[in-house]
Amino acid sequence: MPDRFFRFCGWMLLISGILTIVIQFVHLEDVPSGMEQMDYFVDVAVWTHIGLVLAFAMFLMGFVGLYLRQAAGLKWWGWLSFVCFFLFFTLDGTHSPIQIFGYPVIYERIQNAEQLQAANDLAMKIGSIGPGFAMMTALFPLILLGTLLMGISMLRAKILSQWPAVAMLVSTVFIFIPYTPETKYLAGLFPYLIFAWYGWILAFEKREGAYPDRAETGHL
């Protein structure tokens, strides 16, 4: 693989990790808590989820390079973590279109608390019934299994620095912390910080005996 491929994947992981961390800190709750939020809630919800769509797309591109870089040292069960994370980010990203396209309609012309409550009930109902609910239920086992297998497999691969793999295993603790407005930052910060860390390694590592870039050899 050309070095520039891994550098590209590294930058995708680095940028997506940092972008997602920033979004976690400005991300509002799933529905507005009161009429006082209606002046800004929909705009923030729409733009944070546009940011998440972009971040998740960059992440999935970079994630491929992270695993290919360590392919020689990964066992077959290590690749299961790739499947788990790929499914997790694909499924988790499906809620973004609801807020990007649906919230401007659901929260249009809200004039009082009764209308707001009815809109909130509708917004929460969308993700609590049918196939959508089954997809969201799958997120917990996917992130738990993916985190454990990724940490162990990349620790054993010994191709890149082992410290991010150790941090990945430690981060499983935060998966079990109850979700609250305060703890959501812990759950969102550490995994993406680790992915950004891996991105930095891929983007700036110096590899001996690497396959040269075509542009550097003069071949097309």
Side-chain angles (χ1 to χ4, degrees), residues 1-21 24 52-96 131-132 134-176 187-214:
M1 285 287 184
D3 268 355
R4 62 184 175 183
F5 170 77
F6 293 112
R7 287 197 295 270
F8 170 79
C9 291
W11 278 108
M12 291 296 97
L13 276 180
L14 180 59
I15 295 172
S16 65
I18 294 173
L19 179 58
T20 307
I21 290 171
Q24 293 296 322
L52 281 178
V53 170
L54 295 175
F56 283 6
M58 290 188 290
F59 173 84
L60 291 176
M61 287 188 286
F63 204 55
V64 173
L66 177 62
Y67 275 78
L68 288 179
R69 176 67 181 86
Q70 302 179 94
L74 294 177
K75 304 295 183 181
W76 67 267
W77 48 267
W79 288 95
L80 289 180
S81 62
F82 176 87
V83 176
C84 287
F85 273 108
F86 194 93
L87 288 176
F88 175 85
F89 282 96
T90 301
L91 294 179
D92 192 33
T94 58
H95 83 282
S96 291
M135 292 165 59
M136 294 300 103
T137 303
L139 293 180
F140 179 80
L142 284 174
I143 191 65
L144 177 60
L145 183 61
T147 300
L148 288 172
L149 289 179
M150 179 181 176
I152 295 172
S153 63
M154 293 191 175
L155 188 64
R156 290 170 58 92
K158 299 179 180 179
I159 293 177
L160 298 179
S161 171
Q162 293 177 294
W163 287 111
V166 172
M168 181 65 70
L169 290 174
V170 173
S171 73
T172 57
V173 174
F174 299 103
I175 298 176
F176 294 95
L189 175 63
F190 283 91
Y192 298 109
L193 188 61
I194 296 169
F195 292 136
W197 189 356
Y198 270 126
W200 177 274
I201 293 172
L202 285 179
F204 294 102
E205 72 168 336
K206 301 295 184 182
R207 294 196 296 141
E208 295 182 2
Y211 188 90
D213 289 343
R214 292 178 184 267

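Quick note: numbers below take in every heavy atom, side chains included, and nothing from hydrogens, waters or symmetry partners. Because the structure is predicted, anything quoted here is derived from the model rather than measured.
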From CA spacing to verdict: side-chain contact (heavy atoms from CB on, under 4.5 Å), Y198, I194: CA-CA 6 Å; Y198 270 126; I194 296 169; 4.1 Å; yes

What one should report as the nearest heavy-atom pair of R156 and K75 is NH2-CE, 4.5 Å

List for me each residue that meets ring pair (Phe, Tyr, Trp, His ring centres under 6.0 Å) alongside W200, sequence neighbours excluded, and say none if there are none. F204

W77 atom CH2, over 12 foreign heavy atoms within 6.0 Å: yes

Any residue meeting side chain to side chain contact (heavy atoms under 4.5 Å, CB included) with V64, in chain and number order, not counting sequence neighbours: L68, F82

Quick one: OG on S81 to CE on M154, what's the gap to the nearest 0.5 Å? 5.5 Å

Which residues share a side chain to side chain donor-acceptor pair (under 3.5 Å) with S16, sequence neighbours left out: none

Minimum heavy-atom distance A196-L14, with the two atoms named: O-CD1, 3.4 Å

Is any side-chain heavy atom of I201 less than 4.5 Å from a side-chain heavy atom of R69? no

Spacing of E205 atom CD and D3 atom CG [to the nearest 0.5 Å]: 7.5 Å

Do you know which two heavy atoms are closest between W79 and A71, and how far apart they sit? CZ2-CB, 3.7 Å

Aromatic ring proximity, centroids under 6.0 angstrom, F85 and F195: yes

Less than 3.5 Å apart, which donor and acceptor atoms pair up between the side chains of residues 138-153 and the rest of the protein, not counting sequence neighbours?
unit_1 : atom_1 : unit_2 : atom_2 : d
T147   : OG1    : I143   : O      : 2.6
S153   : OG     : L149   : O      : 2.7
S153   : OG     : M150   : O      : 3.2

Name all residues meeting the ring pair (Phe, Tyr, Trp, His ring centres under 6.0 Å) criterion together with F56; count only those two or more places apart in sequence or in a different chain, and write none if there are none. F89

Side-chain donor-acceptor pairs of residues 160-176 under 3.5 Å, sequence neighbours excluded:
unit_1 : atom_1 : unit_2 : atom_2 : d
S161   : OG     : W163   : N      : 3.4
Q162   : NE2    : L155   : O      : 2.7
S171   : OG     : M168   : O      : 2.5
T172   : OG1    : L169   : O      : 2.6

For a quick test of reading the model, state the closest non-hydrogen atom pair linking A55 to T20 and the distance between them. CB-OG1, 3.4 Å

Where do M61 and C9 come nearest, in terms of heavy atoms and distance? O-SG, 3.7 Å

From CG (L52) to NE2 (H95), nearest 0.5 Å: 6.0 Å

